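Note that this is a predicted model, so its numbers are computed, not measured. Convention: sequence-line order gives letters A, B, ...; per-chain numbering from 1.
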Amino acid sequence: MNLFTDIRALVIGALEAMQEAGALPQGMDFASVTVEPPRDPAHGDMATNAAMVLAKPAGLKPRAIADDLAARLTGDTRIASAEVAGPGFLNLRLAPSVWQEVVGRILTTRSEFGRSRMGQGVRVNVEYVSANPTGPLHVGHTRGAVFGDALASLLDYAGFDVTREYYINDGGAQVDVLARSVYLRYLEALGQEVAFEDGTYPGDYLIPVGKALARHKGDAWVGQPESVWLDELRDYATDAMMHLIRDDLASLGVEMDVFFSEKSLYGTGRIEAAIEDLDSKDLIYRGVLEPPKGKTPEDWEPREQTLFRSTAHGDDVDRPIMKSDGNWTYFAPDIAYHYDKISRGFDVLIDVFGADHGGYVKRMKAAVAALSEGRVPLDIKLTQLVRLFKNGEPFKMSKRAGTFVTLRDVVEQVGPDVTRFVMLTRKNDAPLDFDFDKVLEQSRDNPVFYVQYAHARVMSVQRRAAEAGIASDPVTLAAADLGKLEHEAELALAKKLAEWPRLVETAARSHEPHRVAFYLYELAGDFHALWNRGNDQPELRFLQEGDAETSHSKLALARAVAVVISAGLGILGVTPAQEMR
RNA sequence: GGUCCCGUAGCUCAACUGGAUAGAGCACCUGACUUCUAAUCAGGAUGUUGGAGGUUCGAGUCCUCCCGGGAUCGCCA
């Protein structure tokens, strides 16, 4: 239930009544009429722009429409007052009972309170992480993993039918490199001296893989040429890496529904089928690309290639799908992969990539537009860099020096909850600073702590209520007399709670889970503020010793805050804290 | 050079997708602990939203151009 949609429906109803009464012309489009909270609370609880957007098409003055509308709206019991202000805004103040009912609704519907039906019947595929299976996940992947996972949860909460998916890049040359690297570790495990040259992965994480292989194979592959072992070792090593990666993800609480193998596209005709589909739309041709504008690369020479006419769907240049040696480029299996997603019946596709894939966005969108004939939208979310700090000092990662920070390092140091929340305290397309010390700090400038603390306080006051012999179980609180919540500070908190369903919808629509984190921070702030006002004004305390009835209504409000925080944290994949000791 | 992203208070960032006088936190100053957890709260200042035009009732948000930072740019995936 979304209060803003309810009130908007009321406004639209009044506008239709005005049409019937001849105060507005027939056949008007009310689509641009909005009902939202005004930025300045002094303007009221909700504001509608109806008079302004309708003035021109109706050929009337905003003021005239607003006055008429105001008079009609005040007839409803939910509307306490309606005032025309500014250039033609209609500011609405709602009756206290409306806000009190919101609290009641939260207690009876619990975590379902913010759930939406906006995504009903819509199947969404969210692809994220999709790191190469050549080693453990590092910090950059962590952000993508958390973002993708929270986005998937958010969409699920908004009613979409969500599939979480990981694309395993196990078809390219990098898995050959992996296999050769494991081969070296295998020889090493059997007592040989080995050297890791350029073009191999020297990471320690392959040592146990080499050892396991040595136990498994004995010395059967020693001294044998690649042709003997490469195919088998490729699969073996990829499997080992995917185990590693799944464990990494599990440590963060990320669980995929589908792992899709790139390799499964080769030799099965699936790439060919996807390209054939494009070809049938006259989007595949042999041709020579122009050299890049500006500085031409030294070794540039014109070459005839097989190209995808991505410019037909908004790209800047056409893109090669086949190398001159006749092998597919990376783009070709990717096209086939998205073709597969489309054919699995998804209505919306979302890809979460690192920022270094920015140049890839247009061609991928072009491919999906072409393959689905514009039916399936593809949204590509790019996650920006994570900059790591310790004691305020940035520290550099270097793959070569082996000093890169893994997902596991981060999770082990600060825990999955903190990792997840912090990764969502910036929007995805802005860089994020991650300070190992700051994220564990217990203060207001650490949003994780601040939100958790609010939840813990509710748990605390409930425990104290129990000690004082005052019940705070869900049934008692749901039956509390909420009419006792009259103070403006209490109603203000209820108003903040009422925004939750609306926030879920806007966050889901824009594919921006960070909005949930920001909302929780604000809600926690409002809660802490009310809590502390109890210091000076005892009547605002959530626990009124000796007055069970009043305590019940105030505890109901506190409980409602905890329910919403808990639901929000649930979307972010964070466990609410019971206490902060 | 092309493309994409970013540019908002001294610092770190918001701004409900086009709404009213652009908001929080940090830092700085003042005040509140025999108290429901002071790990918190209340009060106080700060702006040419990088710049210039345009679209309209209304622009941080949309369009054009420019400035600055980052990413990326035909057989790497």
Side-chain angles (χ1 to χ4, degrees), chain A residues 4 32 34 36-40 42-43 47 49 51-53 55-56 62 85-89 91 132 134 169 171-175 262 288-297 300-303 305 307 315-320 322-331 333-334 354-362 382 384-385 425-427 429-431 433 441-447 449-450 453-454 456-457 460-461 463-465 468 499 502-503 505-507 509-510 512 514-515 518-519 521-522 525 528-536 538 541-545 558 579-581:
Chain A
F4 293 87
S32 53
T34 61
E36 32 189 36
R39 248 188 250 187
D40 185 350
H43 288 138
N49 62 357
M52 284 181 292
V53 295
K56 203 171 197 180
F89 282 102
N91 291 329
N132 287 346
T134 55
N169 291 126
Q174 79 280 6
V175 286
E262 177 193 357
V288 180
L289 286 176
E290 295 285 311
K293 303 263 188 231
K295 204 176 68 178
T296 306
W300 194 91
E301 56 183 70
R303 261 184 226 110
Q305 294 167 295
L307 299 167
D315 202 357
D316 309 305
V317 288
D318 293 338
R319 306 291 177 174
M322 199 180 265
K323 304 178 198 172
S324 48
D325 67 4
N327 285 316
W328 298 113
T329 62
Y330 176 75
F331 189 35
D334 238 6
D356 54 342
H357 284 64
Y360 211 65
V361 171
K362 280 192 178 177
L382 301 177
Q384 269 290 347
L385 237 63
T425 51
R426 289 285 175 274
K427 50 182 172 213
D429 48 14
D433 292 349
E441 206 172 271
Q442 301 202 326
S443 71
R444 173 151 200 178
D445 54 330
N446 180 1
F449 162 76
Y450 192 69
Y453 187 35
R457 271 185 156 170
S460 165
V461 75
R463 284 192 296 269
R464 282 182 178 264
E499 287 178 22
R502 176 180 148 85
L503 183 113
E505 293 189 349
T506 51
R509 211 185 324 272
S510 56
E512 292 182 338
H514 77 275
R515 290 174 184 275
F518 280 101
Y519 169 81
Y521 183 70
E522 288 168 17
H528 286 308
L530 177 57
W531 178 285
N532 273 73
R533 281 182 76 167
N535 288 336
D536 299 327
R541 298 182 179 189
F542 289 104
L543 187 56
Q544 301 286 322
E545 305 250 0
E579 56 179 3
M580 300 300 291
R581 294 177 202 287

inquiry  = The criterion is side-chain contact (heavy atoms from CB on, under 4.5 Å); which residues satisfy it with A:Val317, sequence neighbours excluded?
reply    = A:Arg319

ask   = What does A:Pro302 touch in the nucleic acid at a heavy-atom separation under 4.0 angstrom: a base, only the sugar-phosphate, or nothing?
value = base

key: Pairwise P distance for B:A20 and B:U49, with rounding to whole Å   = 14 Å

request  = Look at the side chain of A:His528 and the backbone N and O of A:Tyr453, then say whether any donor-acceptor pair between them is shorter than 3.5 Å.
outcome  = no

query = Just how far is it from atom OG1 of A:Thr134 to atom CD of A:Gln174, taken to the nearest 0.5 Å?
reply = 6.5 Å

key: Touch class at under 4.0 angstrom, heavy-atom based, for A:Glu545 against every strand present   = nothing

ask   = Can you find a heavy atom in the side chain of A:Leu382 that is under 4.5 Å from one in the side chain of A:Asp429?
value = no

Nucleotide opposite B:C26 in a Watson-Crick or G-U pair, distances under 3.5 Å = B:G10

inquiry  = Say we look at B:A9 and B:A52: how far apart would their P atoms be, to the nearest angstrom?
reply    = 16 Å

ask   = Distance between the C1' atoms of B:G25 and B:G68, in whole angstroms?
value = 27 Å

inquiry  = Tell me which nucleotide, if any, is Watson-Crick or G-U wobble paired with B:C16 when both distances must be under 3.5 Å.
reply    = none

task = Just name whichever nucleotide pairs with B:U40, Watson-Crick or G-U, keeping both distances under 3.5 Å, else none.
result = B:A32

key: Protein proximity profile, nucleotides 13-20 of chain B - base contact B, sugar-phosphate-only contact S, no contact -, cut-off 4.0 Å on heavy atoms   = SSSBB-BB

inquiry  = Give me the distance, rounded to whole Å, that separates B:A45 from B:C28 when you measure between the C1' atoms they each carry.
reply    = 9 Å

message = In whole Å, measure the gap between the P atoms of B:G23 and B:U64 for me.
response = 29 Å

query = Roughly how many Å is it from CZ in A:Arg319 to P in B:C76, rounded to a whole number?
reply = 16 Å

inquiry  = Using O4'-C1'-N9-C4 for purines and O4'-C1'-N1-C2 for pyrimidines, with syn meaning within 90° of 0, is B:U55 syn or anti?
reply    = anti

inquiry  = Please enumerate all residues that pass side-chain contact (heavy atoms from CB on, under 4.5 Å) together with A:Ser32, with sequence neighbours excluded.
reply    = A:Val53

task = Identify the nucleotide, in any strand shown, that forms a Watson-Crick or G-U wobble pair with B:A71, with both distances under 3.5 Å; if there is none, say none.
result = B:U3

key: Identity of whatever pairs with B:A52 - Watson-Crick or G-U, under 3.5 angstrom   = B:U64

request  = Would you mind reading off the distance between A:Asp318 atom CG and B:U3 atom P, rounded to a whole angstrom?
outcome  = 16 Å

query = Tell me: CG of A:Leu382 to C1' of B:U3, nearest whole Å?
reply = 13 Å

key: Distance in Å, A:Leu503 CG paired with A:Phe4 CZ, rounded so as to fall on 0.5 Å steps   = 10.5 Å

query = Atom CZ in A:Arg426, atom CZ in A:Phe518: separation rounded to 0.5 Å?
reply = 6.0 Å

message = Taking the minimum atom-to-atom distance to the side chain of A:Tyr521, which one of B:C75, B:A24, B:U56 wins?
response = B:A24

Output one line per pair: protein atom, nucleotide atom from nucleotides 40-44 of chain B, and distance, for all N/O pairs under 3.5 Å.
unit_1: B:U40; atom_1: OP1; unit_2: A:Arg444; atom_2: N; d: 2.8
unit_1: B:U40; atom_1: O2'; unit_2: A:Arg457; atom_2: NH1; d: 3.2
unit_1: B:U40; atom_1: O2'; unit_2: A:Asn532; atom_2: OD1; d: 2.5
unit_1: B:U40; atom_1: O2; unit_2: A:Asn532; atom_2: ND2; d: 2.9
unit_1: B:C41; atom_1: OP1; unit_2: A:Arg444; atom_2: NH1; d: 3.0
unit_1: B:C41; atom_1: OP1; unit_2: A:Tyr450; atom_2: OH; d: 2.3
unit_1: B:C41; atom_1: O4'; unit_2: A:Asn532; atom_2: ND2; d: 3.4

inquiry  = Taking only the P atom of each, what is the distance from B:G74 to B:U3 in whole angstrom?
reply    = 16 Å

remark   = In B/S/- notation (B base, S sugar-phosphate only, - none; protein heavy atoms under 4.0 Å), nucleotides 64-72 of chain B written 5' to 3' is -------SS

key: Within-4.5 Å side-chain heavy-atom neighbours: A:Pro37 and A:Arg502   = yes

query = Which distance, rounded to the nearest 0.5 Å, do you find between the CZ of A:Phe89 and the CE of A:Met52?
reply = 3.5 Å

query = Could you give the CG-to-C1' distance, from A:Asn327 to B:G74, as a whole number of Å?
reply = 16 Å

request  = Using the P atom as the reference point in each nucleotide, state the distance between B:C11 and B:U48 in Å, no decimals.
outcome  = 12 Å

message = Would you compute the distance between atom OG1 of A:Thr506 and atom CD of A:Glu499 and round it to the nearest 0.5 angstrom?
response = 9.5 Å

A:Gln305 vs A:Gln174, nearer the 5' end of RNA chain B by closest nucleotide = A:Gln305

request  = Check the distance between B:G74's P and A:Asp325's CG and give it to me in whole angstrom.
outcome  = 17 Å

query = Measuring from A:Thr425:OG1 to A:Tyr521:OH, what's the distance to the nearest 0.5 Å?
reply = 11.0 Å

message = Could you work out, with salt bridge (Lys or Arg N to Asp or Glu O under 4.0 Å) as the rule, every residue matching A:Asp316, not counting sequence neighbours?
response = A:Lys362

Under-4.0 Å side-chain N/O to phosphate OP1/OP2 contact, A:Lys362 with B:C5 = no

request  = Kindly say whether A:Pro538 contributes a backbone atom to a donor-acceptor pair with the side chain of A:Gln544 at under 3.5 angstrom?
outcome  = yes

query = C1' atom, B:U8 versus B:G60: distance in rounded Å?
reply = 7 Å

